[in-house]
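The figures that follow rest on heavy atoms only: side chains count, while hydrogens, waters and symmetry mates do not. None of these values were measured; they are calculated from a predicted model.
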Amino acid sequence: MKMIVIEALGLHLGYLGSYGNDWVATPNLDRLAVEGVTFDWHFADQPELTPTTPWHERSVGTGCYAFPGRAAPSATTRRPHVVRCDRLAEAIAAAAEHDWLWIEGPSLLPPWNLEDELLDAYFDEDDVEEGLTPWPDPPLAGVALDDAQTVQLQNTYAAAVTMFDAQLRVLTDRLPLEDTLLCVTARSGLPLGEHGMIGTPRPLLHDELVHVPLLLRLPGAAHAGTRIAALTQPIDLLPTFLEALGEAAPPMHGRSLWPLLRGEVDEVRPFAVSGLRIGAEGTWLMRTPEWALHVPIEESGRVPLLFAKPADRWEVNNLYQQQIELAEPMMQTLREFVEQTAGSSLTPDRS
């Protein structure tokens with residue numbers, strides 16, 4: 001059996017048909033979802049938009065959290081062959097050569113180099129007459145977009161997503177899918193102005209950055225069409241792949257997803273945790289099925305944020321003050337979890 005992981009950078013879940021989008025063309029990703037398993041609540045624990053950390057030091061390479069200021073514990077285990085590429089066609093030779101391949105890329109961050117024919121699918125003559133033209137090089141910075149700029153940004157990014165989808169077809173057409181475990185996920189999403197940012201000039205862990213796709217197509221299209229509504233994180237991928245290889249995983253924070261796939265359990269964790277620091281500013285995120293709690297890492301004067309899930313998908317209504325009696329115990333649980341997790345390479349107690 002082959003295993004191939006495609007880990008895009010900056011793939012915004014809200015632009016994929018399998019996650020509810022109805023206007024961006026992603027036929028190959030949609031087909032993968034039909035033939036595979038879709039994980040609905042997958043949250044990046046280390047959502048960096050700058051891909052500088054080596055794979056073996058990242059949470060996906062160790063199965064352990066790599067929280068801000070703390071390196072992930074080393075995992076002595078079998079590793080995939082890791083390649084970084086801008087276009088998936090560049091990985092075809094490596095896919096043929098290696099039984100376990102991890103592809104870091106492509107990146108969907110701007111600037112975008114897109115063909116006119118692709119852009120024409122998202123900008124028609126009426127758009128151009130109204131001054132709505134492609135915006136291939138938006139700034140990665142704090143922004144205040146007007147309605148026209150929002151449309152320009154979203155439509156240009158939609159074309160970038162469609163290009164990524166087409167690249168997926170180029171690769172999968174060359175793979176023996178019946179004997180391949182194919183995983184498509186993302187290292188991070190991409191803020192596109194939802195909270196006053198393009199990219200991450202500040203460490204704001206809203207859904208557009210941390211809620212990322214996870215699609216698994218199993219050999220023989222086993223479990224085709226299954227959707228799993230359990231909280232999962234990238235730390236779970238390594239133990240999942242090791243179990244697929246029949247190999248025992250060393251102690252890890254991550255959990256194999258096979259019990260979810262087999263219907264043996266309903267969850268592998270009661271909450272997901274993410275952390276990000278940019279410069280002197282940092283944020284923790286604690287995500288449960290019902291709530292998203294954002295907590296500043298440092299004493300900076302920023303107040304915690306609390307959003308109801310899944311109703312407030314893009315997190316616009318802060319309920320922290322109204323729900324402070326609920327939020328404070330969550331904050332205490334989060335602090336204890338981070339302290340315990342940072343203090344040991346072993347799996348933390350989640351009871």
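Between W41 and H211, the ring center distance clears the sub-6.0 Å criterion. You'll find the ring centres of W258 and H223 outside the 6.0 Å limit. The aromatic ring centres of F271 and W291 sit 6.0 Å or more apart.
The cluster map of Ile, Leu, Val, Met, Phe, Trp and Tyr, joined by side-chain heavy atoms under 4.5 Å apart, puts L177 and I103 in the same cluster.
Electrostatic pairing of D165 and R169 does not count as a salt bridge here, judged by no charged N lying under 4.0 Å from a carboxylate O. Salt bridge R217/E178: present, at least one basic N to carboxylate O contact under 4.0 Å. In this structure, R262 pairs ionically with E243, as a charged nitrogen and a carboxylate oxygen lie closer than 4.0 Å.
A donor-acceptor contact closer than 3.5 angstrom is absent between the side chains of Y122 and Q154. Side chain to side chain, Q332 and E336 meet the donor-acceptor criterion of an N or O pair below 3.5 Å.
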What do the steps show when you test H294 against Y320 for ring-ring contact (aromatic ring centres under 6.0 Å, His included), and what is the final call?
CA-CA 10 Å; H294 301 241; Y320 177 73; over 10 Å; no

Any chance you could lay out the side-chain hydrogen bond (donor to acceptor under 3.5 Å, both in side chains) test for Q233 and Y65, step after step, and finish with the verdict?
CA-CA 10 Å; Q233 299 207 258; Y65 288 105; 2.8 Å; yes

Could you give me the CA-CA distance, side-chain angles and deciding distance for T283 and L276, then say whether side chain to side chain contact (heavy atoms under 4.5 Å, CB included) is met?
CA-CA 6 Å; T283 304; L276 182 63; 5.8 Å; no

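Here salt bridge (Lys or Arg N to Asp or Glu O under 4.0 Å) pairs that include residues 7-23, with residues two or more places apart or in two chains, are E7-R58.
With sequence neighbours excluded, the residues forming a salt bridge (Lys or Arg N to Asp or Glu O under 4.0 Å) with D236 are R269, listed by chain and number. For T232, the side-chain hydrogen bond (donor to acceptor under 3.5 Å, both in side chains) partners are H42, not counting sequence neighbours.
Proximity of P110 to D137: side-chain heavy atoms (C-beta onward) are nowhere separated by under 4.5 Å. Inter-residue side-chain proximity for H206 and L305 is flagged as met; some heavy-atom pair is nearer than 4.5 Å. Between M3 and T180, every side-chain heavy-atom pair lies at or beyond the 4.5 Å cut-off.
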